[in-house]
Every structure is written in C-alpha cells, then in structure tokens.
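Below is one structure, written out as structure tokens; comments come after it.
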Amino acid sequence: VDCFDFTTNRWERKRDAMTWNGLITSLYDPQTGHVFSHGLQWDNTQGFWAEWNPITDTWIRRSPAPSGAKAGAAPLIDVARRRIVLLGGGQLRVVSLTPTGSQGYLPSSVMTPTGDTGVLRMYRGGFAYDTLHDKYVAWSGDVAHDLLPTDLYVIDPVSWVITKLTPAG
C-alpha cells in the first residue's frame, strides 16, 4: 500500500494488502481512519474483508471467504449506522462495522428492498451516502440493464424503500 504523508510531502510504502486483486474494493472509514478492503468477491482464498490501520500498519481479517459480496457491487460506508452497504449484482448487502465472535468477523446480511428495485442489477455504478438527508443515492447508466444515465435512485436506509427519480427536462 502506498500512502501520501502530508506532513513530509512524500509517498511512503506500507505493508501489502491482506486481500488483493484487480477488482479489489476499498473504503476509507472517516470515523476510525481505517481502510476496509475486499478482494476477489467469488474467490475462496481472496474473497474476504480485511481492515487496515494505517497508523500501526496492521491488517486484520474481517470475514470468511467468500464473504457473499457480489462482483461489481458499488460500496459505501454509512457513518451514522457504522456499516458498509454494497449495491449491485442483484442484491443489497449490509456489512456491520462492529466485529463479532471469537474471530472478530463483520456480520453481513442481504436486505430485501421494495419499490424501484431495478437498480439492484447495476454493475460498478455510483453509490453514495447523503449524510445531510440520511439517504443512499445510486446511479448507473448501464443501459444493458435498463438503467438510464439520467435516473437517480434514492434508498431509505431504515425502510429499504427504493425510489427512482428521473429529472425533468
């Protein structure tokens, strides 16, 4: 892992990621300053979550492999509820950032949203947490999955209702 040190204005080399691949998913948690990474989603060896502490330069494995995360799913961190949410590949998966059990794994579950669920089909789309309105926002533009570039999807993180918004004009 290469990190930029803003104090010294230099790049520095850290330990290699515990899980890796060209399709790796990584998220920065602003609350802890840690990074959560996931390797090959379908792989029995690299398909797990790992947590990196950049201060101590240590990695901790946080799930079995495969973890259930889908290839091409777009991730976000919900800082209010302390969870990772993955959208795409036909599912909406929630991963708690509170480790449980003797191995310290992050529990995950697949949610069953209602409403305009077509966005579940997206592959590598955009996905963000709107902290001001406490909603998740998704966009794709993947016309192969009948998702138009002008459509936005708003997901309520409590009721799991998905609403499609098509801007006027």
Side-chain angles (χ1 to χ4, degrees), residues 1-3 16-54 59-100 104-113 115-142 144-145 147 149 151-164:
V1 176
D2 294 317
C3 293
D16 286 341
M18 182 180 258
T19 182
W20 54 272
N21 179 266
L23 296 176
I24 193 167
T25 295
S26 294
L27 298 131
Y28 174 73
D29 179 4
Q31 193 167 1
T32 63
H34 293 188
V35 174
F36 291 87
S37 291
H38 193 290
L40 273 173
Q41 289 80 2
W42 59 87
D43 191 83
N44 290 332
T45 305
Q46 294 295 324
F48 63 89
W49 285 103
E51 179 180 0
W52 179 54
N53 180 334
W59 286 91
I60 299 171
R61 186 178 178 136
R62 291 295 188 196
S63 78
S67 71
K70 296 292 186 181
L76 65 76
I77 287 189
D78 179 338
V79 293
R81 293 170 187 82
R82 304 293 308 134
R83 63 189 182 193
I84 295 169
V85 183
L86 298 147
L87 174 65
Q91 72 174 213
L92 182 65
R93 179 176 290 273
V94 173
V95 180
S96 170
L97 290 178
T98 304
T100 62
Y105 284 171
L106 303 175
S108 75
S109 56
V110 175
M111 308 313 293
T112 306
D116 293 302
T117 59
V119 72
L120 296 176
R121 296 187 306 265
M122 79 176 195
Y123 184 82
R124 295 271 177 215
F127 197 34
Y129 176 47
D130 177 353
T131 56
L132 181 64
H133 298 100
D134 191 31
K135 302 286 184 207
Y136 305 153
V137 180
W139 60 96
S140 174
D142 187 347
H145 290 108
L147 302 170
D151 292 337
L152 291 174
Y153 295 83
V154 177
I155 303 171
D156 185 293
V158 176
S159 68
W160 300 111
V161 173
I162 302 174
T163 305
K164 180 169 85 171

Step-by-step side chain to side chain contact (heavy atoms under 4.5 Å, CB included) determination, Val137 to Tyr129 = CA-CA 6 Å; Val137 180; Tyr129 176 47; over 6 Å; no

Pairing residues for Asp142 by the salt bridge (charged side-chain N to carboxylate O under 4.0 Å, His left out) criterion, not counting sequence neighbours | none

Under the side chain to side chain contact (heavy atoms under 4.5 Å, CB included) test, which residues partner Ser159, sequence neighbours left out?
-> Asp156, Val161

Tell me, please, which residues at least two apart from Arg121 pass salt bridge (charged side-chain N to carboxylate O under 4.0 Å, His left out).
-> none

Does Ser67 reach the main-chain N or O of Trp49 with its side chain, forming a donor-acceptor pair under 3.5 Å?
-> no

Specify the closest pair of heavy atoms between Gly125 and Ala74, including all atoms of both residues, with the distance to one decimal.
-> O-CB, 3.3 Å

Side chain to side chain contact (heavy atoms under 4.5 Å, CB included) partners of Tyr105, counting only residues at least two apart = Arg61, Pro64, Gln103

Side-chain touch Val1/Val35, heavy atoms, less than 4.5 angstrom | no

Non-neighbouring partners of Asp2 that pass side-chain hydrogen bond (donor to acceptor under 3.5 Å, both in side chains), sequence neighbours left out = Arg13

With sequence neighbours excluded, residues passing salt bridge (charged side-chain N to carboxylate O under 4.0 Å, His left out) with Asp116 = none

Any side-chain heavy-atom pair from Leu92 and Val110 closer than 4.5 angstrom?
-> no

Test Phe127 against Tyr153 for side chain to side chain contact (heavy atoms under 4.5 Å, CB included), laying out the working first.
-> CA-CA 9 Å; Phe127 197 34; Tyr153 295 83; over 6 Å; no

To the nearest 0.5 Å, how far apart are OG1 in Thr32 and CD1 in Ile77?
-> 7.5 Å

So do Lys70 and Leu120 actually touch side chain to side chain, heavy atoms under 4.5 Å?
-> no

Supply the atom-to-atom distance Met18 CE to His38 NE2, rounded to the nearest 0.5 angstrom.
-> 13.5 Å

Go through the structure and list residues passing side-chain hydrogen bond (donor to acceptor under 3.5 Å, both in side chains) with Thr117, not counting sequence neighbours.
-> none

For Phe36, which residues count as a ring-ring contact (aromatic ring centres under 6.0 Å, His included) partner, sequence neighbours excluded?
-> none

Please examine the side chains of Pro66 and Asn44, heavy atoms only from C-beta on, and report whether any two atoms are closer than 4.5 Å.
-> yes

For Ala128, all residues meeting side chain to side chain contact (heavy atoms under 4.5 Å, CB included), sequence neighbours excluded | Trp139

Identify, with sequence neighbours excluded, every residue that meets salt bridge (charged side-chain N to carboxylate O under 4.0 Å, His left out) alongside Asp29.
-> Arg82

Which residue pairs satisfy the ring-ring contact (aromatic ring centres under 6.0 Å, His included) criterion with at least one member in residues 59-86, sequence neighbours excluded?
-> Trp52-Trp59

Could you check Leu87 against Met122 for side chain to side chain contact (heavy atoms under 4.5 Å, CB included), going step by step and ending with a plain yes or no?
-> CA-CA 8 Å; Leu87 174 65; Met122 79 176 195; 3.6 Å; yes

Does the Arg62 side chain pair with the main chain of Phe48, one donor and one acceptor, at a distance under 3.5 Å?
-> no

Among all residues two or more places apart in sequence or in another chain, which pass the side-chain hydrogen bond (donor to acceptor under 3.5 Å, both in side chains) test with Gln91?
-> Arg93

Evaluation steps, salt bridge (Lys or Arg N to Asp or Glu O under 4.0 Å), between Arg83 and Asp78 | CA-CA 5 Å; Arg83 63 189 182 193; Asp78 179 338; 3.6 Å; yes

Can you find a heavy atom in the side chain of Pro113 that is under 4.5 Å from one in the side chain of Ile155?
-> no

Side-chain heavy atoms of Leu106 within contact of Ser96, under 4.5 Å = no

Heavy-atom closest contact (Gly72 atom, Tyr123 atom, distance) | CA-CE1, 3.3 Å

